[in-house]
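Quantities reported herein were computed from a predicted structural model and do not represent experimental measurements.
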Amino acid sequence: SLSRMLSGRGFAFRRKQKIERQYRRLLKKRRQVHSQQDNQFTDTYPEHLKHLYLAEEEKLKKRRRTPNDSVPSEEKLNTAADVSRTCTFSSRPVVTQEKFKNKTSNQKAKEEYEKIKAERARKKEEAEKRKQQREEAQRLYKKKKMEAYKILSKKTKKGQPNLNLQVEFLLQKIQQNT
């Protein structure tokens with residue numbers, strides 16, 4: 001058992017390896033499930049029904065143009081492309097207009113990321129300000145201490161503490177406080 005401990009391959013190490021293997025298997029399974037789901041929705045239109053889907057897409061484009069004075073923006077063009085991609089054989093109707101008003105998950109993620117980035121920058125700036133203030137306060141404190149030490153540690157010619165300077169220092173301190 002001593003050699004086992006020395007090599008760092010005890011029960012905890014084996015348990016860790018087992019957990020890592022299980023985790024890798026789980027990730028692999030998830031990837032397979034996702035790829036199957038993706039395939040389910042990326043089916044292309046059958047050739048004999050393609051004209052119906054394209055006609056539906058044109059109707060949606062026209063419907064979208066009429067309320068907005070026929071100004072096709074990039075966003076509308078992108079949504080039309082999304083419609084053509086999402087059409088499947090299911091009985092569900094083609095994606096409605098309300099769905100396009102909602103932001104895509106990518107846009108939401110970008111906005112969330114920008115918010116977090118701004119918050120971090122603000123916190124970093126505040127921390128930097130606090131650090132500078134603290135350093136400044138410490139510098140002033142040390143300077144005052146040094147001056148007080150110089151005054152209080154002065155000696156007379158005989159090597160005795162200079163009580164006159166000490167009393168003057170205390171007087172100044174009292175006058176500053178009042």
(message) Looking at Arg122 and Glu126, is there a salt bridge between them, counting it only when a charged N and a carboxylate O are closer than 4.0 Å?
(response) yes
(request) Calculate, to the nearest 0.5 Å, the distance between atoms CZ and CD belonging to Arg21 and Gln17 respectively. (result) 6.0 Å
(request) Can you measure from CG (Leu171) to CD (Gln176) and round to the nearest 0.5 angstrom? (result) 10.0 Å
(message) I'd like to check Phe11 versus Arg14 (side-chain heavy atoms, cut-off strictly below 4.5 Å). Are they in contact?
(response) yes
(message) Does Glu125, at its CD atom, have more than 12 non-hydrogen atoms belonging to other residues, nucleotides or ligands within less than 6.0 Å?
(response) no
(message) To the closest 0.5 Å, what do you measure between CG (Leu140) and NZ (Lys145)?
(response) 14.0 Å
(request) Please round to the nearest 0.5 Å and tell me the distance separating atom NZ of Lys124 and atom NZ of Lys131. (result) 11.0 Å
(message) Determine whether Lys115 and Glu119 satisfy the following criterion, side chain to side chain contact (heavy atoms under 4.5 Å, CB included), listing intermediate values before the conclusion.
(response) CA-CA 6 Å; Lys115 279 182 193 174; Glu119 184 68 20; over 6 Å; no
(request) Identify the two heavy atoms, one from Pro161 and one from Gln166, that lie closest to each other, and give their separation to 0.1 Å. (result) CB-NE2, 3.9 Å
(message) Check this for me: does any side-chain nitrogen of one of Glu58 and Lys61 sit under 4.0 Å from a carboxylate oxygen of the other?
(response) yes
(request) Give, for atom CZ of Arg31 and atom NZ of Lys29, the distance between the pair rounded to the nearest 0.5 Å. (result) 13.5 Å
(request) Answer whether the closest heavy-atom distance between the side chains of Asn106 and Lys110 falls below 4.5 Å. (result) yes
(request) Heavy atoms only: give me the nearest Asn162-Thr156 pair and the separation to one decimal. (result) CA-CG2, 4.3 Å
(request) Nearest 0.5 Å please: distance from the CD atom of Glu136 over to the CD atom of Gln132. (result) 9.5 Å
(message) Less than 4.5 Å apart, side chain to side chain, heavy atoms only: is that true for Arg24 and Lys28?
(response) no
